[in-house]
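Contents: one structure, followed by commentary.
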Amino acid sequence: MQVVSTREELREMHEDWRHHGNHVAIVPTMGNLHEGHLSLVELARQHAERVVVTVFVNPTQFGEGEDFDEYPRTLKRDTQRLKKLDADVLFTPDVDTVYPFGIDKATVVSVPGLTRNFCGASRPGHFDGVTTVVARLFALVRPDVAVFGQKDYQQQLVIRHMTVDLSLPIRIITAPTVREADGLAMSSRNQYLSEAERAVAPRLHASLQAIGTELQDGKRNFAELENSAWAKIEAAGFTPDYVAIRRAENLEPPDRDCDEIVVLAAAHLGKARLIDNIVVSI
Ligand code: AMP
């Protein structure tokens with residue numbers, strides 16, 4: 001595996017790969033890699049001859065007072081983990097490479113429709129940061145395929161929208177959420193949990209699953225189901241941010257005959273803000 005950090009290095013590699021007719025997959029990450037990220041790399045490998053993993057803690061997707069400074073940076077360990085997989089390149093650009101005119105003068109890519117609610121409402125500017133950096137990483141790496149995790153459900157929808165809207169010739173693949181044995185979705189932010197909080201954390205997923213079961217049993221009282229899950233996670237010690245039952249394709253409120261539902265939640269637990277979702281066919 002090659003570790004590169006400049007545009008020039010990428011360009012050279014790209015020319016070589018194109019010459020050999022290789023397809024390229026990108027897996028964008030902020031590093032601190034866990035099994036969830038590694039599953040994305042494995043999936044990418046199934047869709048392209050060359051896999052580029054990017055590690056970049058993107059300043060523009062963190063809001064005021066969020067955890068940009070504390071965000072765990074573990075490049076040495078990440079490099080070792082990726083070497084054991086079949087990644088071809090680890091791309092670790094610095095801020096100037098990604099934002100050559102500086103952050104204040106950067107062109108912003110924004111997807112207004114899908115970003116008003118949920119994480120977009122609680123984290124103003126977050127999704128603009130995400131789409132802005134992903135568009136840049138796409139332009140730098142020039143992939144044919146890009147893999148994102150279902151764990152960040154709204155994010156992958158926003159990126160799909162951006163890709164179609166800008167006619168980017170890139171296929172977006174969404175990979176299933178990888179969980180700990182007790183159901184907690186793996187996340188770099190789980191490290192912020194104390195031992196006691198860690199024991200409570202799986203209740204978020206459990207409450208989503210409870211809604212999923214009710215939906216599959218034919219219940220359609222969406223607001224009541226959301227409220228009861230909210231009460232359950234609050235009673236468990238979380239400060240809920242949202243619990244929502246929505247149409248999987250566009251996050252609009254479902255009607256009674258909608259057949260693909262996503263149940264999404266975000267909640268604070270101690271220092272961590274945890275998000276999770278499940279998709280239910282009804
Ligand atoms: P991050 O480094 O947290 O920004 O995540 C990079 C990519 O990994 C995103 O596409 C995430 O959705 C994905 N991801 C994070 N956690 C998981 C997980 N537990 N399972 C699957 N994908 C994940």
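Just follow the structure's listing: the first ligand is 1, and inside any ligand the first atom is 1. Throughout, numbering of the chain's residues begins at 1 and tracks the sequence.
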Ring centroid separation Tyr153 to Phe118 under 6.0 Å: no
Ion pair check, Arg18 and Asp144, cut-off under 4.0 Å: yes
Heavy-atom side-chain contact between Pro253 and Arg246 under 4.5 Å: yes
Indicate whether any N or O donor in one side chain lies under 3.5 Å from an N or O acceptor in the other, for Tyr71 and Asn58. no
Let me know which protein residues bring a heavy atom to under 4.0 Å of ligand 1; chain then number is fine for ordering. Pro28, Thr29, Met30, His34, Gly36, His37, Leu40, Tyr71, Phe148, Gly149, Lys151, Asp152, Gln155, Pro176, Thr177, Val178, Met186
Tell me, please, which residues at least two apart from Gln191 pass side chain to side chain donor-acceptor pair (under 3.5 Å). Asn32
Spell out, as yes or no, whether a donor-acceptor pair under 3.5 Å connects the side chain of Asn277 to the backbone of Ala265. no
